[in-house]
Each structure stands twice: as C-alpha cells, then as structure tokens.
Amino acid sequence: MTTQTDIPPAETGGDQRSWLREHSELGVCALLLALGVLVLTDALTMDVDIAQRGPVGPKTVPIVVGAGLLVIAAMLALDVLRGGRGQAEGGEDIDLSEPADWRTVLLLSGVFLGAAVLIEPLGFPVAGALLFWGAAFALGSRRIDRDPLIAAGLSLVTYTVFNNLLGVPLPGGPLMGVL
C-alpha cells in the first residue's frame, strides 16, 4: 500500500519559475545581446561612399559599440549563471515607498514629443529652446525670467556646434538665413 508521501509531487513549473526569478538578470543579458546584434547588423549593412573611406570610417564606432554590447552581454550572463547577483537598489536620495511622479514623466514625454514634431517646421534652434525650457519646467524650475533665455542660448550654442563646427546639418527653420 502506498502512502501520500510515497507519491512524487506533480511538476507544477514552480521550480522553473523560481529559477527564472533567481536569474532575472538574464533578461538584461538578452536585451544587450539583441541590441548588440541590431547595432552590428546595421553597421555592417551600412552603405559607405568610397570617398569617405579611411582608417576610421562611419562604420568603426557602431562596430565597436555592437561588439562591446555582445561582450558585456556574454560576461554578464556568465556572471549570473555562476551565481552573481546585482544588489537591490535602495536609492540614495529617494523614498522608495513613495509612488512614481507620473506628472513629471508625462510632462517630459510631452516636451520630447513636441520637440520631435516641431524640429522640422520650426528648426532646431526654436524646437531645442522649447525642449530645454520645457524640460526645466517639467523638472521643477519656475524662473520665467531666466529659463527661456538660458534655453535659447543653450539651443543656439548646440545648433552652432553641431551645424558649423562638427558638420552635422540640423534644420534651421525660419532662422536658417539669420544663423
């Protein structure tokens, strides 16, 4: 006669779930692996003009970044499988018992989306100034006398550095003839 203790428990998948919970960092490894493959695939299929080739061309940095992502994904996976675990974040100056500040997140998301929509018709100097000013406002600055001036100056300096010094063309919008 068999007793209840003689019958092995049915497999419920509980062991697999606990293993996945203990090795949840492998999700980050998978994300880094996918990102590395994406970057390398994009870099290796990039069309490069024959005149732009040299010792360091436009493919160099994406290939280095993609390879680095693959190496980091492999090293992290190896560490996790050997028992390494990341420390739970306690936060330095935040209270983890407080809920997230969704108002700020939504304001920042709206500012970024607005800048992305406005950059083509208004140009980078105007859209960038709105982006910098909106981000400062969303993060709590209420200095209406100085924030727009700082945002406009920062946007113009950024536009000048990228457009004129680095040779990265940014849309100038209505200010194209002035700058």
Side-chain angles (χ1 to χ4, degrees), residues 24-49 52 56-73 76 86-179:
S24 60
E25 290 95 345
L26 290 176
V28 175
C29 298
L31 179 67
L32 290 173
L33 177 71
L35 192 59
V37 168
L38 177 70
V39 169
L40 278 175
T41 303
D42 196 35
L44 294 174
T45 59
M46 182 186 304
D47 288 332
V48 178
D49 186 18
Q52 292 181 345
V56 178
K59 289 184 174 186
T60 305
V61 172
I63 288 174
V64 169
V65 169
L69 285 168
L70 293 179
V71 168
I72 290 171
L76 181 59
Q87 293 181 354
E89 185 169 338
E92 294 178 19
D93 59 348
I94 58 172
D95 185 6
L96 295 176
S97 64
E98 290 291 319
D101 184 10
W102 289 108
R103 179 183 178 272
T104 302
V105 171
L106 292 174
L107 278 172
L108 280 173
S109 299
V111 166
F112 286 130
L113 182 62
V117 169
L118 294 175
I119 195 168
E120 198 59 43
L122 297 180
F124 182 84
V126 175
L130 292 173
L131 171 70
F132 296 137
W133 187 18
F137 182 83
L139 294 172
S141 179
R142 299 295 184 260
R143 295 288 309 261
I144 303 215
D145 56 334
R146 78 166 182 204
D147 288 348
L149 297 174
I150 293 172
L154 188 58
S155 181
L156 287 173
V157 167
T158 304
Y159 176 79
T160 303
V161 167
F162 275 86
N163 199 55
N164 298 342
L165 298 178
L166 296 176
V168 177
L170 296 174
L175 298 176
M176 191 60 123
V178 178
L179 299 176

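Numbering of residues begins at 1 and proceeds along the displayed sequence. Owing to the predicted nature of the structure, the values given are computational and were not obtained by experimental measurement.
Distance check, rounded to the nearest 0.5 Å: CE of M46 to OG1 of T41 gives 11.5 Å. Separating the CG atom in L149 from the CD1 atom in I144 is a distance of 12.0 Å, to the nearest 0.5 Å. If you take CG on L70 and CG on L35, they are separated by 9.5 Å, rounding to the nearest 0.5 Å.
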Side-chain donor-acceptor distances from residues 121-142 under 3.5 Å, at least two apart:
{"from": "S141", "atom 1": "OG", "to": "D147", "atom 2": "OD1", "distance (Å)": "3.4"}
{"from": "S141", "atom 1": "OG", "to": "D147", "atom 2": "OD2", "distance (Å)": "2.5"}
{"from": "R142", "atom 1": "NH1", "to": "F137", "atom 2": "O", "distance (Å)": "2.5"}

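More than 12 non-hydrogen atoms from other residues, nucleotides or ligands lie less than 6.0 angstrom from CG of L165.
Of all heavy-atom pairs spanning K59 and L44, the tightest one is NZ-O, 3.7 Å. For the residue pair Y159 and L170, the shortest heavy atom distance occurs at CE1-O, 3.5 Å. When all heavy atoms are compared, the tightest approach of V39 to P62 is CG1-O, 3.2 Å.
For the pair I63 and L40, the minimum side-chain heavy-atom distance is below 4.5 Å.
Counting only distance, with no hydrogens or angles, the side chain of S155 and the backbone of A151 share no donor-acceptor pair below 3.5 Å.
Judged as a side-chain contact (heavy atoms from CB on, under 4.5 Å), and not counting sequence neighbours, the contacts of V65 are V61, L69. A search for salt bridge (Lys or Arg N to Asp or Glu O under 4.0 Å) contacts involving D145 returns R143, not counting sequence neighbours.
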